[in-house]
Amino acid sequence: MTKKMLIAGNWKMNGSLAANEALVKALVAGAAAPACEIAVCVPAPYLAQVQSLVAGSPIALGAQDVSTQAQGAFTGEQSAVMLREFGVRYAIVGHSERRQYHGETDEVVAAKTAAALANGITPIVCVGETLAQREAGATEEVVKRQLAAVIHVNGHCISEIVVAYEPVWAIGTGKTATPEQAQAVHAVLRAQLHHAASDHAAGIRILYGGSMNAANAAELLAQADIDGGLIGGASLKAADFLQIIAAAR
Ligand code: PEP
């Protein structure tokens, strides 16, 4: 299989012109010939800055969200067409913080996925259960429902997406899913993708996200169905992010 792992940083609402420059320069210097693919998903105001900082390097530019709409009266939104103008290759869609704080439904996430795909941007589709849902034994049902909505709208090009399993209770908490817990959910998602696109399911990358760091990355990435990571906090520290990149082979 030729599938390369993907290590994507989600800066969330962090950064400054000075901090971004130092971080990205260190990443470019430290990741000259990576075994995996690398992306940094940056706040929208910094897209132009980071586009020029990563130019000519193996680091791809990503956004953290994308509008369902192409243009018009949608104050505060950025369309996939606009993101393309800045060389954006990946867009996170359906991050749990957007589902939680911005009321994004499974249907909105599916429409955002479609908008990205229609414009040549690879959506990183996030799914994941809350602690209450896990404790109620609903993990499988929740992630399958979230992914099913995306497959329903984007079934014809589902092989173009990246999926990120991000248990909500593990995001920013320092509580990582065990490799076994993560692998179990990844296997469920793989089976669902197989059902939707049997020929392509093995090639679809399923990332793990949730307090992945330099110390735990290798063990998580060694799991059969974990094809990379979506990394929040640790992606803001060059040394840590580079160690995760080095573990992805
Ligand atoms: C995320 O925000 O996607 C994430 C995984 O965050 P963290 O690594 O900080 O838990």
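Both ligands and their constituent atoms are indexed starting at 1 by order of listing.
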With a 4.0 Å cut-off, would you call R134 and E129 a salt bridge?
yes

Polar contacts were defined as any N/O atom of the residue lying under 3.5 Å from an N/O atom of the ligand; does this apply to I231 and ligand 1?
no

Need the ligand 1 atom indices (1-based, order shown) with element for anything under 4.0 Å from a heavy-atom of G210.
5 (C), 10 (O)

Measure the spacing between CD1 of I206 and CD of Q183 and express it to the nearest 0.5 Å.
9.0 Å

Just distances here: any N/O of H95 and N/O of ligand 1 closer than 3.5 Å?
yes

Short list, please: which atoms of ligand 1 are under 4.0 Å from a heavy atom of N10?
1 (C), 2 (O), 3 (O)

Side-chain touch S235/W11, heavy atoms, less than 4.5 angstrom
yes

Could you tell me whether E141 and R145 have a side-chain N and a carboxylate O separated by less than 4.0 Å?
no

I'd like to know if E104 and R99 make a salt bridge, using a cut-off of under 4.0 Å between side-chain N and carboxylate O.
no

Taking N or O atoms only and a 3.5 Å limit, does G172 qualify as a polar contact for ligand 1?
yes

Judging by distance only, is a nitrogen or oxygen of G233 under 3.5 angstrom from one on ligand 1?
yes

Should I161 and L61 be regarded as members of a common hydrophobic cluster, given that ILVMFWY residues are connected when their side-chain heavy atoms come within less than 4.5 Å of each other, either directly or indirectly?
yes

Which residue owns the protein heavy atom closest to atom 8 (O) of ligand 1, what's the atom, and how far is it?
G232 N, 2.8 Å

Using a 4.0 Å heavy-atom threshold (strictly under), name the region of A170 that reaches ligand 1: side chain, backbone, both or neither.
backbone

Report whether Y165 and I7 are members of the same hydrophobic cluster (ILVMFWY, side-chain heavy atoms less than 4.5 Å apart, transitive linking).
yes

Where's the contact between I171 and ligand 1, heavy-atom distance under 4.0 Å: side chain, backbone, both or neither?
both

Does any N or O atom in E166 lie less than 3.5 angstrom from one in ligand 1, N or O only?
yes

